[in-house]
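We use all heavy atoms of the structure for the numbers below, so side chains are in, but hydrogens, waters and symmetry mates are not.
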Amino acid sequence: QVQLVESGGGLVQAGGSLRLSCTASEGAFSRYAMGWFRQAPGKEREFAAAIRRLGMTTRYADSVKGRFTISRDNAKNTVYLQMSSQKDEDTAVYYCAANDGVDISTTPRRYEYWGQGTQVTVSP
């Protein structure tokens with residue numbers, strides 16, 4: 001069972017940038033498609049971005065497209081989410097998730113493993 005640990009969250013001003021990292025305990029990290037989801041207070045968890053096992057294919061929610069970039073370094077067992085031009089509505093707890101396969105679904109239930117989450121707060 002893979003364990004995921006997110007880091008890099010914090011407070012950022014609107015228009016600023018932040019990079020999240022998620023490191024996996026699993027040595028065979030490249031077998032997993034990875035996703036980033038977020039959950040704002042009182043709202044359901046929503047898809048932000050996903051990347052296939054070798055990093056050649058990515059997928060983004062319309063709300064973050066052009067502002068967020070997902071990438072991965074399989075040698076470091078780590079997936080990243082570079083967030084730029086941040087908006088108030090980006091404030092949420094951000095979770096990384098792993099899917100043992102090729103699917104880069106936008107649906108949370110398609111991911112088997114989850115991190116504990118990291119808080120991102122965008123100030124006006």
Side-chain angles (χ1 to χ4, degrees):
Q1 182 173 355
V2 63
Q3 294 184 344
L4 304 173
V5 179
E6 301 98 335
S7 61
L11 179 65
V12 61
Q13 287 189 328
S17 299
L18 205 61
R19 188 177 80 159
L20 305 182
S21 300
C22 171
T23 300
S25 61
E26 174 63 55
F29 178 68
S30 60
R31 68 185 280 181
Y32 298 99
M34 300 297 297
W36 283 98
F37 291 77
R38 63 187 186 180
Q39 188 167 17
K43 295 187 177 181
E44 293 188 353
R45 192 168 298 187
E46 66 173 13
F47 170 77
I51 188 167
R52 281 195 169 152
R53 293 180 293 186
L54 299 183
M56 301 300 289
T57 303
T58 57
R59 189 174 185 179
Y60 296 94
D62 288 343
S63 58
V64 308
K65 197 172 296 182
R67 300 188 300 117
F68 289 11
T69 301
I70 188 171
S71 61
R72 65 190 296 162
D73 185 340
N74 287 344
K76 295 182 178 179
N77 288 2
T78 300
V79 62
Y80 304 97
L81 186 68
Q82 177 68 50
M83 303 182 292
S84 303
S85 302
Q86 291 202 258
K87 306 176 181 179
D88 292 351
E89 52 262 43
D90 294 330
T91 294
V93 177
Y94 283 71
Y95 299 89
C96 73
N99 168 18
D100 189 1
V102 300
D103 190 4
I104 48 173
S105 173
T106 63
T107 304
R109 63 180 173 83
R110 299 297 296 270
Y111 292 80
E112 295 96 333
Y113 307 105
W114 291 82
Q116 82 289 349
T118 186
Q119 176 70 47
V120 172
T121 303
V122 182
S123 63

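- Among residues at least two apart or in separate chains, ring-ring contact (aromatic ring centres under 6.0 Å, His included) pairs with a member in residues 89-111 are Phe37-Tyr111.
- Taking Ile, Leu, Val, Met, Phe, Trp and Tyr as hydrophobic and joining them when side-chain heavy atoms fall under 4.5 Å apart, one finds Met56 in a cluster with Leu54.
- Ion pairing of Lys87 with Asp90 is absent here, as no side-chain N (NZ or NE/NH1/NH2) approaches a carboxylate O to less than 4.0 Å.
- Of the N and O atoms on the side chains of Thr23 and Thr78, at least one donor lies less than 3.5 Å from an acceptor on the other residue.
- Taking 4.5 Å as the limit, some side-chain heavy atom of Tyr113 sits within range of a side-chain heavy atom of Tyr32.
- In terms of heavy atoms, Thr91 sits closest to Val122 at OG1-N, 2.9 Å.
- Residues Met83 and Arg67 form no side-chain contact, since every pair of their non-hydrogen atoms from C-beta on lies 4.5 Å or further apart.
- The heavy-atom pair separating Arg72 from Ile51 by the smallest distance is NH1-O, 3.7 Å.
- In this structure, Gln3 places its CD atom where only 12 or fewer heavy-atom neighbours from other residues, nucleotides or ligands lie under 6.0 Å away.
- At a threshold of 4.5 Å between non-hydrogen side-chain atoms, the residues Asn99 and Glu112 count as touching.
- Side-chain contact between Ser21 and Lys76 is absent, with no heavy-atom pair separated by less than 4.5 Å.
- Contact check for Asp73 versus Tyr80: side-chain heavy atoms found under the 4.5 Å cut-off.
- The two atoms that bring Ile104 and Arg59 nearest to each other are O-NH1, 3.2 Å, heavy atoms only.
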For Leu20 and Glu6: C-alpha separation, side-chain torsions, deciding distance, then whether side-chain contact (heavy atoms from CB on, under 4.5 Å) applies. CA-CA 7 Å; Leu20 305 182; Glu6 301 98 335; over 6 Å; no
